[in-house]
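Read the structure below first, then the notes.
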Amino acid sequence: MSRPFDSMDPKVMDDDMLKVAVVEQGPQEEAGQLAKQEGILFKDVRSLQLDFRNILRIDNLWQFENLQKLQLNNNIIERIEGLENLIHLVWLDLSFNNIEAIEGLDTLVNLEDLSLSNNRIAKIDSLDALVKLQVLSLGNNQIGNIMNIIYLRQFSCLRTLTLSENPIAEAEEYKEFIYAYLPDLVYLDFRRIDEQAREASKLKHQYSIDEMKHREALMRARLEDEKAQRQMLEEHKLAFIERLNGPFLFNSMYSEDVEGNKLSSLPGVDELLETYKDKFVIICLNIFEYGLKQQEKRMAELDTFNECIQDAIRENQEQGKLKVTKFEEKHLLNLNAIREESDLPNIEKKLIECSDDITDLFNVLMTLEMQLVEQLEETINIFERNITDMVGLFIENVQSLMAQCRDLENHHHEKILEIAINTLEKILKNEMDEDLPDDVRALFVDKDTIVNAVGASHDIHLLKIDNREDELVTGINSWCAHLLDKIHREEIVRNRKRVKEINQYIDHMQSELDNLECGDIIDI
Amino acid sequence: MEVLREKVEEEEAAEREEAAERAEWAEKMERMTKTAEVSKEETIMTQDELRDLEKRLTSIEISIPAEYSFINKSLIDVTKLPPSYSTNSPKEEHLLQVADNFSRQYSHLCPDRVPLFLCPLNECNVPKFVSTTLRPTLMPYPELYNWDSCSQFVSDFLTMVPLLDPLKPVIKEEEKAMPKKYTVKPPRDLTSKFEQEQENKRLQEIKNQEEKRLREAEERLLAEEKAKPDPLHGLRVHCWVLVLAGKREVPESFFIDPLTAHSYSTKDDHFLGIESLWNHKNYWINMQDCWNCCKELVFDLGDPVRWEYMLLGTDKPHLSLTEEDEDVLDDDDDIDNLGKEEEDKSFDMPPSWVAQIEITPDEFETRCPNGKKVIRYKRAQLEKWAPYLNNNGLVCRLTVYEDLQCTKVLEIKEWYQNREDTLELKHINKITGLATPPPPPPPPPPDPVHSYKSMLPEMDRVMEFYEKIRVDGLIKREETPLTMTEYYQGRSDFLSYRHINFGPRVKKLTQNSAESNPRPMVKITERFLRNPAKPADEDVAERVFLIVEERIQLRYHCRDDYITSSKREFLRRTEVDSKGNKIIMTPDMCISFEVEPMEHTKKLLYQYETMIHLKNEEKLSRHQAWESELEVLEILKLREEEDDAHMLTISIYDTKRNEKSKEYREAMERVLHEEHMRQVESQLDYLAPFLAQLPPGEKLTRWQAVRLKDECLSDFKQRLIDKANLIQARFEKETQELQKKQQWYQENQVTLSPEDEDLYLSYCSQAMFRIRILEQRLNRHKELAPLKYLALEEKLYKDPRLVDFVKVFV
């Protein structure tokens, strides 16, 4: 592509260039004078035009964080880059450049109008983040595969599309294909789509569209399914009883237990294992259900607490607002009176009155705040006690259930040990009827070996149970600690904020009064 | 005066109607149920009851009944009444004698009871037996078929039906939620309990005193209102209506108060006793003790021990025995039955002497006499009008007074109907000059309620508008002489309130622009609702334009968790700095208080832009306010016009009022009438006068027929000639007069004044016109006369009476 400015030297997007552009495009006349006086911050700029500047590389734009409209058309840009910070961008014009691939737009979620026409783009992709996209211009590029259209199906807001002067636009079916596959599109290549033509195309492509829709629906269903499952697991995790609603723990006990697995091939162990598993899973389920219930209870408790706290704060706020409003009414009258008063001693008297009013207001507001702090503190302490108790109870009960698991394991261990010793005896006496796998038989050399093996298996099991228990206990304890910490911290922040607000307000009032004083004295 | 007369008449009318319908129904019911009734005999006491459902009850004023006349004779034009009003038929005379006899016996037997109300004087001062004043009449209005709507109609003629007590406002106590687990404890109360107690005591005392004072005042007022205990309690007698149980599914006897149309149980405490009762057939005297009001009375008129009847056997007084007999005798023909009954009666009631009542649809719709009715209540007055009576659609006006004497008006409510602007209620509050209206009805017209002290502009006034009807969302506009307050709803800019303070009008020196010299605006206050799309710090809650001071105050909305809100005040001063440059913006032109200090608002540019924006807004607001003022003027003008000329909506089914259909109908009637006239003309009998000369009843001879024809023709000829002569005579007379006048003119031409000359000229032209017309008529007559003559001749030849005789000679 030959351009008249190709011969010119590429320019760098540096601060100076940006500053000049900003001032040029900024406010004019009186406002302009002010702007010049003060300077304009890049982050206050909403719209920026940088066309016909021979820019090669997009750079230095990170400060324009509130930019909504950016025009970079008619440059020699080769890559889309450096736009990550411009997350408020709505309008982006990159037409008439040398861009070859769509990229670097993943953070521009607010983009509605994107122009990439007259570039060298061959494939439409990397636009997934642009969920609000309404207008897409890709005219005069090198898009050749009609399947690129399918990619655009995901943009539900897309109404205007330009793809003319691309290889695909020469295809016979080009328009029909787009009509059929992008049913919400209103304008194609600067023309309004004719409803009749659209219907005709739809009919023509109905079969494949239906099939695609079906596939899309399946995909969506699967994604939703997965999402739901993830959500469920998250919920269980919040209750600290995740994966206890099945044989997961039991299976994990055996997953690393080599000896245990070997021993399971002993005669009689199978049935034993079966009953053991059943009982174990039942206990796990108990823990699971209990955990869910407890979680529900804790949440309800937390909700009530939050609600009450919010109520108290709101009520206190209302009172504060009322006081402030009343004060303001009175204060305004007083100020007006002072302005109209001409007698100096009277003015002074009134000023003192006003000042007293302000001090009174301060005292009242601070008292209100202190009251609230006390109230909240007490309530928070009660809540703390209650939630700690609840957590304690939960842990206790879970521990007792876990102890049942251990009992089961101990019992099972004894049985296995018994079977193992019996088998050993049989082997030693050569009374063994069945064949045992070699690696299993290797365990039965002497009593120590087999006892050790069984013991090792038992230890692993116990360890797994202990770990799960620890996990749960630590989880809930740290949750509780975090929660309480958060509540306390928030209360402190709230208190600070309010005190700051009151002080700020009072200071403002006082300084206003002082200003009035000065002004009056000067006037006189 | 007129009203009273109509009242009485209508009352009677209604009584008669009721009696009639009841009687009819009763008969029907009887017939229908007779066969099945044998088992129910105990419940149906006497046949009287079956026959007469409706009885009149009466006793007498302390004065002698014959002298008592409740009709003011001067009100009624006695001469126009039918003779039955002024005379008594022999039968009636006889009845009067019977009644007199009965009355004497009664006073002899019961000397301690008040004389009977038997024969009051009617409007012509003629004594009439009470029963004969009742004439059962069936009216064509379904509304009058049932006792409740019928008595309502009657009561509308008599007095007002008291309305229900205005509903007392129900104060709903806000439900206090159960304290939740973590509800914060109320702040510690550190005030001294003792001091509080003392204070409470003091307050209580003051309150007690206040209460005592109030109570006393109230008692005084009550005492005033409540008249002394009625000295005539139990001594007054009234007439009211008794409906007996039995027919038309009336399960229990009950009373109707004709003045209020309310029904009362016979056990009601207000009815202290019954002296006697009557219907259009008989008269009964109560022989039961009324010590316990009417609660224990047995309304079995067939029981001669309890009810002494005056006429024997008009209606079977007793009961079942005869009824059984009758059951066997009659099952079908009622008239037959009546005839039989009449035969064995010793004396039957003469027919009613009153004229049959007639209620035209008009009168029925008007309901009240003259369509207007005034009812006075304690501290209030209600006026009712028939629909369409007032051409402004006014149908009801309630005036509430402050005092018992009804001199100080508290408020006036006016209800309208059928208005094209669908105004339904006008509410004028005399005390505050303002009022709150009830919620508007579903179809929203432009301006539902308008309360005001005066229709003059710039006075106290409240206008309310229907929600959603106005594009600008205005729902209410209040005005006082120096302010205007507007309330908005549902606007996209969240404006909810605009308050404008006006200054005194500045007298313009040059009064060239006379039409509008608006008052200067001093201050405009606008309030906005929270716009959830903006952060609270940037969402203006209130802006005040102090126009004279060039000051703009902004107050922003309060953030959720804050108690103070940001404020900003702009003060525009156009000043010049030391170098003579214009100062655009200085920090002291914008004083801000920000709850959470922000960076960008510190910039002069931001402040400048905000100020410019606000200046524009100020202009817009001022313009808006000015437009509002204009609109008020417009509305007031419109209102005035409306008040002058109201258009009332008329249903297309209202044939009487719907002008179009009326015109159409009248046109149809006219066409019919003309058609009829033509027919009459065509049937005009030319021969009648000549036939009358012949001896009646004889057959026409040929000779007679020919003579008849000739006579008829010659008569007609003569008439035609006469007519021609008449026209000729008139023509000549007119010509002569004209000639005379012309002569006179020529003689006096010199001395005539221009007026006289004009007069003469106009006379001349008129006379010439008349002469020409007469000439034309004469010519036309000359042309037509032979034709007419021939036509008659032919008609006569074809006349069926003559055709046989005349034809031969043709």
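Here is how names work: the chains are called A, B, and so on, in the same order as the sequence lines, proteins then strands, and each is numbered from 1.
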Heavy-atom cut-off 4.5 Å, strictly under: side chain, backbone, both or neither for [X] against chain B?
X        : value
A/Glu318 : neither
A/Lys323 : neither
A/Ile313 : neither
A/Ile380 : neither

Partner of B/Asp561 by salt bridge (Lys or Arg N to Asp or Glu O under 4.0 Å), out of A/Lys497, A/Lys321, A/Arg494, A/Arg314: A/Lys497
When rounded to the nearest 0.5 angstrom, what is the spacing between OG in B/Ser592 and NE2 in A/His508? 8.0 Å
Nearest-0.5 Å distance that lies between atom OG1 in B/Thr564 and atom CD1 in A/Ile506: 9.5 Å
May I ask you to check whether over 12 heavy atoms, not counting those of [X], lie within 6.0 Å of atom [atom1]?
X        : atom1 : answer
B/Arg622 : CZ    : no
A/Glu296 : CD    : no
B/Asp560 : CG    : no
A/Glu315 : CD    : no

Interchain contact, B/Ser566 with chain A, by part (heavy-atom threshold 4.5 Å): neither
Residue from A/Glu328, A/Lys500, A/Gln319 scoring the most non-hydrogen pairs under 4.5 Å with chain B is A/Glu328
Largest heavy-atom contact set with chain B, pairs under 4.5 Å, which of A/Asn316, A/Ile40, A/Leu41: A/Leu41
Check whether any side-chain N or O of A/Gln504 sits under 3.5 Å from a backbone N or O of B/Glu594 as a donor-acceptor pair, and report yes or no. yes
Are any side-chain N or O atoms of A/Glu501 and backbone N or O atoms of B/Tyr562, one a donor and one an acceptor, separated by less than 3.5 Å? no
May I have the step-by-step check of side-chain contact (heavy atoms from CB on, under 4.5 Å) for B/Ile563 and A/Arg498, ending in yes or no? CA-CA 8 Å; B/Ile563 53 172; A/Arg498 176 58 39 83; 3.9 Å; yes
Quick one: sort the B/Phe593 and A/Tyr505 rings into parallel, tilted or perpendicular, breaks at 30° and 60°. perpendicular
If the threshold is 4.0 Å, N to carboxylate O, is there a salt bridge linking A/Glu512 and B/Lys567? no
